[in-house]
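Notes follow once the structure below has been shown.
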Amino acid sequence: MEVEGGRDKARELVLVSVVYDGPKRKAVMKFFDPLAQRIVLIPDSSGHEPYCLSDLSPEEVLKIDGIVNHPGFSKVKPVKKHDLLTDRDLQMTMVFARDPLSIGGRPSGSIRDLLPKAWEANIRYELNYIYDMGLQPGSTYIVDGEEKPARKIFSPPGELLNRMQEKLRGKDAEYVEAVKSWMELLSQPIPEVTIAALDIEVLSSSRTRIPDPSEAEEAVASAAILSTDGRNRFLLLKRPDRVPDEFVVEKNGSQIRPEYFDDEVDLLRAIFEELARYPFLVTFNGDNFDLVYLHNRARRLNVSQEEIPITLGRDYADLKEGIHIDLYKFLFNRSVQIYAFNNVYKEVTLDAVGEALLGLGKVKGEKPIPDMGYREIAEYCLRDAEITLGLTTMYDKLLLKLVMMLTRISRMPMEEVVRHSVSAWIRSLFINDHRARGYLVPRPEDILSLKGGTVTRAIIKGKKYLGAIVLEPVSGVHFNVVVMDFASLYPSVIMTNNLSYETVRCPHQECRSNRILSSPHWVCKKRKGLTSLIIGSLRDLRVNVYSPMSKNPSLPENERKLYDVVQRALKVFLNASYGVMGAEAFPFYCPPLAESVTMLGRQILSDLIEEAKRLGISVVYGDTDSVFLKNPPADKIELLKKWAVERYGIDLTVDKNYRYVVFSQRKKNYVGVLEDGSADVKGLVGKKSSTPIFVKDAFFDLLRILGEVKDEEGFERAKSEIKELASETVRKLRNGEYRLEDLAFNVMMSRATDAYTKTTPQHVKVAKQLETNGTELRAGDIISYVKVKGKEGVKPVQMSSHKEIDVEKYMDIIKSTFGQVLDALGIDLEEEGRAKKLSDFM
DNA sequence: GCGGACTGCTTACCT
DNA sequence: ACAGGTAAGCAGTCCGCG
């Protein structure tokens, strides 16, 4: 590892990561230098060592033979910690080791296993280092080589402070302090970064089988490296059977010419040299393919470890200097998928994500790489790199900025943020807060045994506690419907009720009377709950500062965009804050807390419904945190808002105004037409990603017809148009006028085919047929199939023909899809279908 | 041996 | 490895039925 000397003068660098240098037994901080556009490595100079905690005295620890004789043992040191579970100060002992594996991680004989009880022994060392040194990844530091990096303090813009000032009045000092330090952290500017995207191709004869990167048996055919600094390169291996030709590919604003290499090792070295130039490298699946393949291929060809700028982890690949971001892992993350990208892509493949976010898919073709000419490979490989870079740079580098913001909130290294999901981010945030305040991080088993289980029973078999209320919709058409909902109900409930793992069923006798509704659970009156404090301050910042600022037209666009990224990142944390508390794998898992949140949520929604009825408003539907109000007078809406704040301290806002809503008898299923005629579709089959395209198209035509309806009379006209549409769809189906692809169901296979042991669903049957034909399939792949006549009933689209299509099955689909809307409108499609059938036979 | 009633599995959705 | 609630379709099983 190259390490910076101490001669440079003070520079402003951004801390992006901390890694552990095994041979040196040290944490190494990775800083980004915005002026030089490169990464600077600074090793720890404090002598920080890995440790865990014990409740034994230092003397007692030293009496444990295995520990003092442990080759990795370093020293013991007494420390005071406050235990939130018992609300008592404890005298604990820090047991230090020379390397993280000696604390824990070896199959046997680790120090944590030799202690009768160990605390904080499962935290990755890099994270320990960040927390203990009070580091803030994503922040700017002043580095002058001699002294330890000092954080540069920013003051948030005055307008931000003003917005919060009012809210902070009357709040306790701890809360004010928390909010201010968050603002300081989140409002820092994000530096401009140079990013390169890498994609490689391998000379593998099979197109359906991905080359095994652990073996790296076949030669690397090419590498495309596109970057934001315009240094775009396409490196290519010369093959004995093909004469090099000169060509030019236009990409990323420049004309790219192939650079041929006679020798594969030279090619690899050139790739490595290029990779080492960049502070940030993005790939799509680089953790499991591109970087691993390059590393292992180079090793196989006897390139020395020192020459390879890549280090391999168990299921990831890091760059020795730069920051590697695997977009596949990040975009696969459910929170990112839903809250950051609004669920616009469903399948996480480069092609699908590229199409959905950029309108740019992969170059299509089934030819194996060795059968392609140089130019074909170039088009293919460069396109993949283009999509990868495009995904990172779109919307003014939204993705990278989001990663940076999640890094700041979670206190994790950037690479770790990308690889982990929201529960790890929240875990890190929580542990950091415990450390900073001198609180002992509780052991999960202690939380569980002290707090006990749940007292309610879930509706769904196998779930742990009762969730939200969903009202029975009043079926039919309702004009002028206003939807009101609570602004982040569950985080608000956590905030206003002081909920946290330590405050719910706290140890104080005098708090026991402070019951949560009519449950046996109580909540602490003496302490401010840590979860409540953290979630509450993040919520207030999002609602009062960053969301409004991101929409403030008087601000310059780049500033608004920064606030929008902050707002999105906060949303991710807030939305998951309740869920993790009910997730067994979360280290602060606390069933009574999770249960109390939904319990309070149910109470609040029921009360809101009561209140609306009391005001004479009819509630036609509601789900979890929302009510659908029919024809509510404006003054009553205001009364409800006021009621919500006064009664529960939670904001209730108007979310939508529907010109009309169509409800069937089903919950979570409706069509709402907004003032502008656009339709909001929820839950209906016609909207599902698995529904055949021809059905969806017809369904959207139906919605278009409904969008034109302005009043009750309009429905009569619409009804006949809809009938016409239905019979036209049926006619085309019977005449075989739809393309096979449009008849296909598209269903995600969530696991490998052999993991379906209990039943074999239709899409798995099809997947097995495909596998028999030599197609390689993985969990997460979308299976496209049509319904055919015969025993199996289904076939892959590619392997079927119009003759086999089971038209009656498709008739059922049309009926049920249309039926979901039409039965509420009083249109009987069953009749239509039959009439059509008759006329068809005539 | 076959079909209807039932349960359970699976996916996709909503909040 | 964030939660629970709902809809839909199909797989598989049980039971009755000359």
Side-chain angles (χ1 to χ4, degrees), chain A residues 332-339 343 346-347 420-427 454 456-473 483 485-491 493-494 535 572-591 593-599 601-602 605 621-628 655 664-670 680-691 745-751 755-765 780 782-783 787 792-794 809 812-813 815-817 819-820:
Chain A
F332 195 83
N333 187 312
R334 286 257 308 162
S335 305
V336 173
Q337 217 168 116
I338 298 168
Y339 301 119
N343 231 347
K346 301 273 149 42
E347 191 186 10
H420 291 100
S421 62
V422 67
S423 70
W425 304 340
I426 296 180
R427 175 183 68 202
T454 53
T456 54
R457 264 244 292 284
I459 292 172
I460 307 169
K461 220 191 218 171
K463 300 287 182 186
K464 292 163 290 196
Y465 56 91
L466 192 55
I469 294 175
V470 187
L471 297 187
E472 205 73 56
V483 183
D485 64 6
F486 289 107
S488 29
L489 178 65
Y490 288 173
V493 162
I494 291 174
I535 299 306
V572 170
F573 278 79
L574 293 173
N575 277 319
S577 62
Y578 142 74
V580 293
M581 296 302 168
E584 276 155 277
F586 185 62
F588 298 89
Y589 172 53
C590 183
L593 165 50
E595 177 181 56
S596 300
V597 174
T598 59
M599 199 183 289
R602 289 194 300 275
L605 188 71
Y621 180 59
D623 185 348
T624 311
D625 60 355
S626 67
V627 281
F628 288 54
D655 182 33
S664 62
Q665 296 90 322
R666 303 163 187 84
K667 296 173 174 183
K668 298 186 189 278
N669 265 262
Y670 61 87
D680 240 354
V681 187
K682 299 291 175 183
L684 304 184
V685 174
K687 193 199 179 182
K688 294 203 174 188
S689 57
S690 50
T691 303
F745 289 81
N746 304 290
V747 178
M748 160 119 40
M749 193 171 66
S750 65
R751 33 194 206 251
Y756 291 84
T757 51
K758 296 187 170 114
T759 57
T760 310
Q762 295 196 319
H763 65 293
V764 180
K765 270 187 199 159
I782 303 247
I783 310 296
K787 305 227 176 198
E792 286 277 280
V794 283
K809 275 276 188 308
D812 292 341
I813 306 295
K815 271 183 222 163
S816 63
T817 307
Q820 284 190 337

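Below, read A as the first sequence line, B as the second, and so on, with proteins coming before strands; counting in each chain starts at 1.
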How long is the line joining [atom1] of [X] and [atom2] of [N], in whole Å?
| X | N | atom1 | atom2 | result |
| --- | --- | --- | --- | --- |
| A:Glu792 | C:dC10 | CD | P | 14 Å |
| A:Leu574 | B:dT15 | CG | C1' | 15 Å |
| A:Tyr578 | C:dA3 | OH | P | 9 Å |
| A:Asn746 | B:dT10 | CG | P | 20 Å |
| A:Ile813 | C:dA8 | CD1 | C1' | 10 Å |
| A:Trp425 | C:dC2 | CH2 | P | 10 Å |
| A:Ile535 | C:dC2 | CD1 | P | 15 Å |
| A:Leu593 | C:dC2 | CG | C1' | 13 Å |

OP1 or OP2 of [N] less than 4.0 angstrom from a side-chain nitrogen or oxygen of [X], does that happen here?
| X | N | result |
| --- | --- | --- |
| A:Lys668 | B:dC14 | no |
| A:Ser750 | B:dT10 | no |
| A:Lys787 | C:dC10 | yes |
| A:Lys682 | B:dT15 | yes |
| A:Ser335 | C:dC2 | no |
| A:Thr759 | C:dC10 | no |
| A:Lys667 | B:dC13 | no |
| A:Tyr756 | C:dG12 | no |
| A:His763 | B:dT10 | no |
| A:Arg427 | C:dC2 | no |

Quick one: label [X] by what it contacts on the DNA or RNA (base, sugar-phosphate, nothing), any heavy atom closer than 4.0 Å.
| X | result |
| --- | --- |
| A:Lys688 | base |
| A:Asp485 | nothing |
| A:Phe573 | nothing |
| A:Ser689 | sugar-phosphate |
| A:Ala594 | nothing |
| A:Arg751 | sugar-phosphate |
| A:Ile460 | base |
| A:Thr598 | nothing |
| A:Gln820 | sugar-phosphate |
| A:Met581 | nothing |
| A:Ser626 | nothing |
| A:Ile426 | nothing |
| A:Ser577 | nothing |

Less than 4.0 angstrom from a charged side-chain N to a carboxylate O is my criterion; do A:Lys464 and A:Glu584 meet it?
yes
A:Lys667 bridged to A:Asp623 by N-O distance under 4.0 Å:
no
Sorted by position of nearest nucleotide on DNA chain B, 5' first, the leading residue of A:Tyr621 and A:Lys461 is A:Lys461
Assign each of A:Glu472 and A:Gly579 the nucleotide of DNA chain C bearing its closest heavy atom; nearer the 5' end lies the nucleotide of A:Gly579
Point-to-point distance, once rounded to the nearest 0.5 Å, from [atom1] of [X] to [atom2] of [Y]:
| X | Y | atom1 | atom2 | result |
| --- | --- | --- | --- | --- |
| A:His763 | A:Ser690 | NE2 | OG | 10.0 Å |
| A:Leu466 | A:Ile459 | CG | CD1 | 5.5 Å |
| A:Phe586 | A:Ile426 | CZ | CD1 | 6.0 Å |

Point to revise | A:Ala468 versus A:Tyr490, closest heavy-atom pair with distance | key: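 In this case the closest contact between A:Ala468 and A:Tyr490 is CB-OH, 3.7 Å.
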(Q) Can you give me the closest heavy-atom contact between A:Tyr621 and A:Glu472, atom names plus distance? (A)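 Shortest heavy-atom contact: CD1-C, 4.5 Å.
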Identify which nucleotide among [options] has an atom closest to any side-chain atom of [X], counting heavy atoms from C-beta outward.
| X | options | value |
| --- | --- | --- |
| A:Tyr465 | B:dC14, C:dG5, C:dG4 | C:dG4 |
| A:Val685 | C:dT6, B:dC13, C:dA8 | C:dA8 |
| A:Arg666 | C:dG4, C:dA8, B:dT15 | C:dA8 |

With no hydrogens and no angle check, do the side chains of A:Thr456 and A:Glu595 hold a donor and an acceptor under 3.5 Å apart? yes
